[in-house]
Amino acid sequence: MHHHYLKLSIELAAENVKAGGQPFGSVIVKEGKIIATGVNHIARDNDPTAHAELVAIRAAGQALNNPDLSGCVVYASGEPCPMCQAAMFMAGIHEVYYAYSSEDGAPFGFSTEYASTELQKTPQNRTNLTYVYMPETQQSPNIFDLWVKHAQG
C-alpha cells in the first residue's frame, strides 16, 4: 500500500501545481486509513510554514482530536525539510515515505540543504540568525510554574 499512498501524494502535488501552488503533497495514514492530506500553501497563504506535511499534520491532529499522531505514517511527494521533520518528531510520527529527494528538487529551487547544514551547527554559530538566550525569571512570572498550577487546577 505504500506505493498507493505515495502516488496519491504526488497526485495532490500535481493538482496543487495546476492550481498555482508548489509541487508538494502529503498524505497521513493510520491503521490503513487516510487521516489527512495537505498541499503546499506557502504562496497562497503567505505562510512560510504552510508546507504540505505541516498542513497535513495540522489536519490529522484535528481529525483525530489529538496532537499525538503516534502510529501515523506520512507519505510526501518531496523529502520533508528539517522543519517538517521536527514537527513529525514532536507529533510522534516515526515513519515517512517520500518520492523526490532534496537533491531532485535543487535544480528547481527546492533544496533544503542550507537549512539542514545550518541546523547541524550550534545556535550561536548559525549564519544569518542571531540566537540569544535572555532569561527573564526575575522580572516575569515563571510560565512553567503557572502551567503546573493551572494543570492541577
Nearest 0.5 Å, what's the [atom1]-[atom2] distance between [X] and [Y]?
X      : Y      : atom1 : atom2 : result
Tyr114 : Asn128 : OH    : CG    : 4.5 Å
Leu12  : Glu15  : CG    : CD    : 8.0 Å
His94  : Cys72  : NE2   : SG    : 10.5 Å

Please say whether more than 12 non-hydrogen atoms of neighbouring residues, nucleotides or ligands are located less than 6.0 Å from [atom1] in [X].
X      : atom1 : result
Gln124 : CD    : yes
Tyr98  : OH    : no
Glu113 : CD    : no
Lys121 : NZ    : yes

Test your reading of the model: is there a side-chain donor-acceptor pair from [X] to the backbone of [Y], 3.5 Å cut-off?
X     : Y     : value
Asp45 : Asp47 : no
Lys30 : Ala60 : no
Asn16 : Gly21 : no

Short side-chain donor-acceptor distance under 3.5 Å, [Y] and [X]:
X      : Y      : answer
Ser101 : Glu103 : yes
Glu118 : Thr127 : yes
Arg126 : Thr117 : no

Side chains of [X] and [Y] in contact at under 4.5 Å (non-hydrogen atoms):
X      : Y      : result
Val55  : Val39  : no
His3   : Leu8   : no
Thr122 : Tyr131 : no
Glu79  : Tyr100 : no
Pro82  : Thr112 : yes

Working for side-chain contact (heavy atoms from CB on, under 4.5 Å), residues His2 and Glu95: CA-CA 11 Å; His2 296 306; Glu95 197 172 351; 4.0 Å; yes
For side-chain contact (heavy atoms from CB on, under 4.5 Å), just list the numbers for Ser26 and Ser9, CA-CA rounded to whole Å, side-chain angles, deciding distance to a tenth of an Å, and then say yes or no. CA-CA 5 Å; Ser26 183; Ser9 75; 5.6 Å; no
For Val96, the other hydrophobic cluster members (4.5 Å side-chain criterion, sorted by chain and number) are Ile28, Ile35, Leu54, Ile57, Leu64, Leu69, Val74, Met83, Met88, Ile93
Please go through Ile42's hydrophobic cluster and name the other residues, only I, L, V, M, F, W, Y counting, with side-chain heavy atoms under 4.5 Å joining them. none
Cluster question for you: counting only ILVMFWY and a side-chain heavy-atom cut-off of under 4.5 Å, with indirect links fine, are Leu119 and Leu129 together? no
Hydrophobic clusters here meaning ILVMFWY residues chained together by side-chain heavy-atom distances under 4.5 Å, can you tell me if Trp147 and Ile143 are in one? no
Indicate the atoms forming the closest heavy-atom contact of Leu146 with Pro141, along with that distance. CD1-CB, 3.9 Å
Which heavy-atom pair separates Val27 from Tyr5 by the least distance, and what is that distance? CG2-O, 4.0 Å
The side chain to side chain contact (heavy atoms under 4.5 Å, CB included) partner of Phe24 among Cys84, Pro80, Cys81, Ser77 is Ser77
